[in-house]
Amino acid sequence: MRILRSRSFRASVSDSNYHFKVGFRRFVTSCRAVVLPRFGGPEVLELRPNVKVPDLKPHEVLVRTRAVSINPLDTRMRSGYGRSIFEPLLPLILGRDISGEVAAVGDSVRGLSVGQEVFGALHPTAVRGTYADYAILSDEELAPKPASVTHVEASVIPFAALTAWRALKSTARIAEGQRVLVVGGGGAVGLAAIQISVAKGCHVTTTCGKQSIDRVLAAGAEQAVDYTAEDIEYVIKGKFDAVLDTIGGPETERISINFLKRGGHYMTLQGEAASLTDRYGIAFGLPVATAVLLKKQNQYRCSHGIEYWWTYMRADSEGLFEIRKLSEAGKLNIPVEKTFPITQVIEAHEAKEKKQIHGKVVLKFD
């Protein structure tokens with residue numbers, strides 16, 4: 001790791017990895033990072049010792065990484081999801097979630113200070129991710145870490161919770177007393193969606209596998225249906241104000257749409273924008289994806305009187321602040337099933353690829 005030392009400050013060694021603390025800033029020029037040089041299986045990932053750290057822009061923050069979680073988006077990107085967007089930009093760094101400490105701030109950053117513990121998440125299209133000793137995020141993508149949780153526990157929250165937040169609070173605008181159906185409540189986004197809805201005063205029903213029943217009920221769901229053993233259409237009664245579908249697929253979409261009240265919102269994480277762009281290229285694929293979405297929106301407004309959306313995570317400082325408050329209050333928790341050191345990133349991805357670990361996996365940094 002290379003450190004640029006400023007003569008205007010007194011420098012001192014701060015840890016065994018030879019990071020130098022320079023006054024109240026750390027000027028880092030390179031660091032370890034997990035690089036994706038080409039698409040493929042876990043074996044393509046490379047932990048490189050000296051990857052350049054770009055200069056900070058005015059609203060950016062340099063974060064000393066302590067823990068990052070492995071999201072499904074990471075493994076899908078590694079395998080080639082979003083190829084039309086990312087292939088020209090290879091090599092890139094995977095990772096969206098992060099928990100760590102502020103190492104330096106851009107000139108226009110006001111709400112965060114060097115040394116402060118923070119957590120946050122990058123936009124899905126970010127090229128330089130968080131699988132690195134030092135990551136760069138905008139001040140909109142970070143918030144003070146909840147004091148009640150560790151870096152490992154904090155690292156699994158932002159991306160999943162912000163994905164659920166955007167769907168439920170920004171799109172559906174759920175309100176107290178409404179009914180919410182979460183399809184696939186056992187995953188991180190599903191668990192976050194259940195807890196966010198319950199905190200808002202909603203009545204939540206969810207579908208999940210048998211192994212997740214106790215977990216989703218503990219998260220606040222009033223009804224949990226094992227989709228592998230029960231007929232969802234028969235067991236679930238009544239209509240809902242909002243459906244968040246984390247599974248996707250034509251049959252799941254059909255069932256979910258029919259559970260909605262008129263005026264309700266159906267939101268799926270499995271939108272077709274990336275797949276259509278990969279199939280047809282950016283120039284043609286994006287217009288095709290837009291056309292497909294508009295067609296479905298018009299179709300469902302006419303046939304069912306509901307709103308249809310593809311939903312994605314996005315930076316939302318207000319949402320992250322509220323998520324932090326829920327976590328501090330013990331109302332938002334996403335369990336961590338296993339941790340790996342960053343030096344075992346290939347083994348961690350292999351375990352997720354082979355579905356040896358169903359819960360959240362975290363990569364820890366020294």
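Tyr308 and Gln299 share no donor-acceptor pair across their side chains, judged by distance under 3.5 Å alone. Between the side chains of Asp74 and Tyr131, at least one donor N or O sits under 3.5 Å from an acceptor N or O.
A donor-acceptor pair under 3.5 Å is absent between the side-chain atoms of Arg96 and the main chain of Gly120, judged by distance alone. In terms of modelled atom types and a separation under 3.5 Å, the side chain of Thr246 and the main chain of Gly190 share no donor-acceptor contact. With hydrogens and angles ignored, the 3.5 Å screen pairs a side-chain donor or acceptor of Thr206 with a backbone N or O of Gly185. Side chain of Asp245 to main chain of Met267: no donor-acceptor pair is present (N/O by atom type, distance under 3.5 Å, no hydrogens or angles). Without hydrogens or angle criteria, Thr268 side chain to Gln270 main chain gives a donor-acceptor distance under 3.5 Å. Proximity of a side-chain donor or acceptor of Glu153 to a complementary backbone N or O of Pro335 within less than 3.5 Å is not detected. Between the side chain of Gln178 and the backbone N or O of Ala175 there is at least one donor-acceptor pair closer than 3.5 Å.
In this structure, Glu353 places its CD atom where more than 12 heavy-atom neighbours from other residues, nucleotides or ligands lie under 6.0 Å away. Atom NZ of Lys237 is surrounded by more than 12 heavy atoms from other residues, nucleotides or ligands within 6.0 Å. Within 6.0 Å of atom NZ in Lys57, 12 or fewer heavy atoms from other residues, nucleotides or ligands are found, so the atom counts as exposed in its surroundings. Applying the 6.0 Å contact sphere to CD of Gln356 captures more than 12 heavy atoms from other residues, nucleotides or ligands. Counting heavy-atom neighbours within 6.0 Å of Lys169 NZ, excluding the residue itself, gives a total above 12. Within a 6.0 Å radius of CG in Asn258, more than 12 heavy atoms belonging to other residues, nucleotides or ligands are found.
Side-chain contact between Leu142 and Phe119: absent, with no pair of heavy atoms (C-beta onward) separated by less than 4.5 Å. Put simply, the side chain of Thr65 reaches to within 4.5 Å of the side chain of Val68, judged on heavy atoms. Using a 4.5 Å heavy-atom threshold, the side chains of Leu269 and Ile247 count as separate. Residues Leu92 and Val35 are not in side-chain contact: their nearest non-hydrogen atoms beyond the backbone lie 4.5 Å or more apart. The shortest side-chain heavy-atom distance between Val61 and Val102 falls under the 4.5 Å cut-off. Looking at Val34 and Ile93, their side chains never come closer than 4.5 Å, going by heavy atoms from C-beta outward. Within the 4.5 Å cutoff, the side chain of Ser197 has heavy atoms near those of the Ile174 side chain. With a 4.5 Å cut-off on side-chain heavy atoms, Thr252 and Ile255 do not count as touching.
Among all heavy-atom pairs drawn from Val114 and Ala104, the shortest one is CG2-CA, 4.0 Å. Looking at every heavy atom in both residues, Ala188 comes nearest to Ile334 through O-CD1, 3.9 Å.
Taking hydrophobic clusters as Ile, Leu, Val, Met, Phe, Trp and Tyr residues chained together by side-chain heavy-atom distances below 4.5 Å, Leu73 shares a cluster with Val156. Both Val109 and Leu137 are assigned to one and the same hydrophobic cluster, defined by single-linkage of ILVMFWY side chains at heavy-atom distances under 4.5 Å. Leu45 and Ile357 fall within a single hydrophobic cluster, where Ile, Leu, Val, Met, Phe, Trp and Tyr side chains are chained together by heavy-atom contacts under 4.5 Å. Hydrophobic clustering (ILVMFWY, side-chain heavy atoms < 4.5 Å, transitive): Leu168 and Phe321 are in distinct clusters.
With respect to the salt-bridge test (charged N to carboxylate O, under 4.0 angstrom), the residues Lys325 and Glu328 do not qualify. A salt bridge is absent between Glu140 and Arg314: the closest approach of a Lys/Arg side-chain nitrogen to an acidic carboxylate oxygen does not fall below 4.0 angstrom.
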Pairs of donor and acceptor atoms involving the side chains of residues 212-223, under 3.5 Å and at least two apart or interchain, shall be tabulated with distances.
unit_1: Glu222; atom_1: OE2; unit_2: His203; atom_2: ND1; d: 2.8

What pairs of donor and acceptor atoms, side-chain ones from residues 336-347 against any protein atom, are under 3.5 angstrom apart with sequence neighbours left out?
unit_1: Glu337; atom_1: OE1; unit_2: Gly359; atom_2: N; d: 2.7

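To the nearest 0.5 Å, atom OG of residue Ser155 and atom CZ of residue Arg66 are 13.0 Å apart. Between atom OG of residue Ser79 and atom NE2 of residue His349 there is a gap of 9.0 Å, rounded to the nearest 0.5 Å. Here the CZ atom belonging to Arg76 is positioned 13.5 Å from the CG atom belonging to Leu94, to the nearest 0.5 angstrom. The CD atom of Glu141 sits 8.5 Å away from the CD atom of Glu60 when rounded to the nearest 0.5 Å. Annotation: the span from Leu320 atom CG to Ile157 atom CD1 amounts to 9.5 Å, rounded to 0.5 Å. If you take CZ on Phe86 and OH on Tyr81, they are separated by 9.0 Å, rounding to the nearest 0.5 Å.
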Step by step, work out the salt bridge (Lys or Arg N to Asp or Glu O under 4.0 Å) result for Arg32 and Asp133. CA-CA 6 Å; Arg32 290 183 307 171; Asp133 283 323; 2.9 Å; yes
Hey, mind stepping through Glu322 and Lys200 against salt bridge (Lys or Arg N to Asp or Glu O under 4.0 Å) and telling me if it holds? CA-CA 11 Å; Glu322 292 298 325; Lys200 190 63 179 177; over 6 Å; no
Begin from the C-alpha positions of Glu43 and Arg78 and carry the test salt bridge (Lys or Arg N to Asp or Glu O under 4.0 Å) through to its verdict. CA-CA 10 Å; Glu43 71 282 355; Arg78 190 206 68 231; over 6 Å; no
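Under a cutoff of 6.0 Å and an axis angle of 45°, Lys261 and Phe259 do not form a cation-pi pair. Cation-pi geometry between Arg64 and Tyr134 is met: the NZ or CZ atom falls under 6.0 Å from the ring centre, inside 45° of the normal.
The aromatic rings of His265 and Trp309 sit parallel, their planes meeting at an angle under 30°, below the 60° perpendicular limit.
Not counting sequence neighbours, the partners of Glu307 by the side-chain hydrogen bond (donor to acceptor under 3.5 Å, both in side chains) test are Arg301. A search for ring-ring contact (aromatic ring centres under 6.0 Å, His included) contacts involving His304 returns Tyr300, not counting sequence neighbours. For Arg262, there are no side chain to side chain contact (heavy atoms under 4.5 Å, CB included) partners, not counting sequence neighbours. Residues forming a ring-ring contact (aromatic ring centres under 6.0 Å, His included) with Phe365 (at least two apart in sequence, or on another chain): none.
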